[in-house]
Amino acid sequence: GGGAVTLTDCALTGNVSRGGAGNEGIGGGLSNAGGTMAVTGCALSGNRAIGGNGTGAPTPIDNQADGGGIINYAGATLTVTDSSITNNQAIAGSGNPVSPGEANGVAFGGGIANESATLTVIGSVIFGNLAQGGTNSSGPNGQGFGGGLNDSFGSTATVTNTTFVGNIARGGAGGAGANGGDGAGGAISVAVGSILSTPDTSSLTLSGSTVIGNVALGGAGGSGANGGNGWGGGAFVGSGGTATLDQTIIAANLAIGGL
């Protein structure tokens, strides 16, 4: 981290970042930790960040997955121009929290995860990406945030002339007696730290863009429990976050609770 990277007219396809037992998978296609990265005229497709199953060390990130296509974090700056981010997946692992209050089995940003960082997206397509929460045998958690883009934990995102289509944020299924996980922000989620008991003042500016046909889907509940919530088929903004929209179409998106 901390360096400067420029990628032009590139293709990154079918790459996988997989966490060990109980640990997180980050940045299936690209990972920018504290650096400056410019991505222009590139196609990122079919990449996956996969959280490890089972129980790992007692940390607040058990089984987590961040940024199926790209993760931008730790004070980094990323600019994506004239590019396609398609069919990437952040798939959280399954298991139980080690300590009370941990965020277990959470997926952030099927296409792009922007976490404690600055992101600019211009003239791009973000299509068919998935943030899939993990299956949990006890407790809540298992959320899927931001099928196309998750912008959270004190981040800033500016998105211009970009299309979000067919992205899915889906909560994981609950185990016996456990509720299903929530799916929030089929296309875009902002400031989801507030759901995870972390103050979050992230901001999104979205202009000249189209958000259509995206889905937020709650996970199925375990026996005797409820399904998860579906929040914001097009976009979800958590407490403390802000979103400014200008000349943008948001249409035909769905938010569906789990059974």
Side-chain angles (χ1 to χ4, degrees), residues 7 10-17 24-32 37 39-51 64-73 76 78-92 106-115 117-133 143-153 155 157-170 183-190 192 202 204 206 209-217 232-236 243 250 253:
L7 300 173
C10 64
L12 292 93
T13 303
N15 301 288
V16 177
S17 172
E24 65 178 330
I26 61 172
L30 290 171
S31 178
N32 185 27
M37 180 178 290
V39 177
T40 302
C42 290
L44 285 84
S45 179
N47 303 291
R48 295 182 293 163
I50 303 173
Q64 187 169 305
D66 304 73
I70 307 174
I71 184 171
N72 186 52
Y73 68 117
L78 170 66
T79 302
V80 178
T81 306
D82 296 334
S83 295
S84 61
I85 313 294
T86 61
N87 299 315
N88 303 286
Q89 299 179 337
I91 304 173
V106 182
F108 301 93
I112 302 173
N114 189 45
E115 301 177 1
T118 301
L119 170 69
T120 302
V121 181
I122 304 168
S124 296
V125 174
I126 300 178
F127 170 81
N129 302 286
L130 170 67
Q132 172 66 61
Q143 297 102 331
F145 294 127
L149 165 65
N150 177 61
D151 174 50
S152 293
F153 308 112
S155 291
T158 303
V159 181
T160 306
N161 297 336
T162 291
T163 299
F164 293 81
V165 178
N167 301 287
I168 300 172
R170 183 165 58 202
I188 305 168
S189 59
V190 180
V192 302
S202 296
L204 167 72
L206 183 63
S209 296
T210 300
V211 180
I212 189 168
N214 304 281
V215 180
L217 181 63
F236 171 85
I250 299 180
N253 303 286

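- Contact detail for Ala90 and Ala65: the closest heavy-atom pair is C-CB, 3.9 Å.
- The two residues Thr160 and Ser209 have their closest heavy-atom pair at C-OG, 3.8 Å.
- A search for side-chain contact (heavy atoms from CB on, under 4.5 Å) contacts involving Ser17 returns nothing, not counting sequence neighbours.
- Of all heavy-atom pairs between Gly133 and Ala107, the closest is N-CB, 4.1 Å.
- Side-chain N or O atoms of Asn253 include one that pairs as donor or acceptor with a backbone N or O of Val211 at under 3.5 Å.
- With sequence neighbours excluded, the residues satisfying side-chain contact (heavy atoms from CB on, under 4.5 Å) with Leu78 are Asn32, Met37, Val39, Ile70, Asn72, Val80, Leu119.
- Between atom CG of residue Leu130 and atom CD1 of residue Ile91 there is a gap of 6.0 Å, rounded to the nearest 0.5 Å.
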Worked check of side chain to side chain contact (heavy atoms under 4.5 Å, CB included) between Val106 and Val192 = CA-CA 11 Å; Val106 182; Val192 302; over 6 Å; no
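- The distance from the CG atom of Leu206 to the CG atom of Asn161 is 10.0 Å, given to the nearest 0.5 Å.
- Side-chain atoms of Asn150 and Ser189 include a donor-acceptor pair closer than 3.5 Å.
- Within the model, atoms OG of Ser155 and CG of Asn114 stand 4.0 Å from one another, a figure rounded to the nearest 0.5 Å.
- The main-chain N or O of Glu24 is never found under 3.5 Å from a side-chain atom of Asp66 such that the two would form a donor-acceptor pair.
- With sequence neighbours left out, the side-chain hydrogen bond (donor to acceptor under 3.5 Å, both in side chains) criterion links Ser31 to no other residue.
- Between the Asn129 side chain and the Asn87 main chain, a donor and an acceptor come within less than 3.5 Å of each other.
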key: From CA spacing to verdict: ring pair (Phe, Tyr, Trp, His ring centres under 6.0 Å), Phe108, Phe153   = CA-CA 11 Å; Phe108 301 93; Phe153 308 112; 5.6 Å; yes
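- When all heavy atoms are compared, the tightest approach of Ala76 to Ala117 is O-CB, 3.3 Å.
- When each of Asn88, Thr13, Thr86 is checked for a side-chain hydrogen bond (donor to acceptor under 3.5 Å, both in side chains) with Asn47, only Asn88 meets the rule.
- Contact detail for Ala187 and Gly234: the closest heavy-atom pair is CB-O, 3.0 Å.
- At distances below 3.5 Å, at least one donor-acceptor pair connects side-chain atoms of Asn214 with backbone N or O atoms of Asn167.
- Once rounded to the nearest 0.5 Å, the distance linking CZ of Arg48 with CD of Gln132 reads 12.5 Å.
- Put simply, the side chain of Asp151 never gets that close to the backbone of Ser202: no donor and acceptor are under 3.5 Å apart.
- Using a distance-only test at 3.5 Å, with no hydrogens or angles considered, no donor-acceptor pair links the side chain of Thr120 to the main chain of Thr79.
- Looking at Ile126 and Val159, their side chains never come closer than 4.5 Å, going by heavy atoms from C-beta outward.
- Considering every non-hydrogen atom in both Ala49 and Gly28, the closest pair reads CB-N, 3.9 Å.
- Distance check, rounded to the nearest 0.5 Å: CD1 of Ile188 to CD1 of Ile250 gives 7.0 Å.
- With rounding to the nearest 0.5 angstrom, the CD1 atom of Ile85 is 6.0 Å from the OG atom of Ser83.
- Side-chain atoms of Thr81 never come within 3.5 Å of backbone atoms of Thr40 as a donor-acceptor pair (strictly under, hydrogens ignored).
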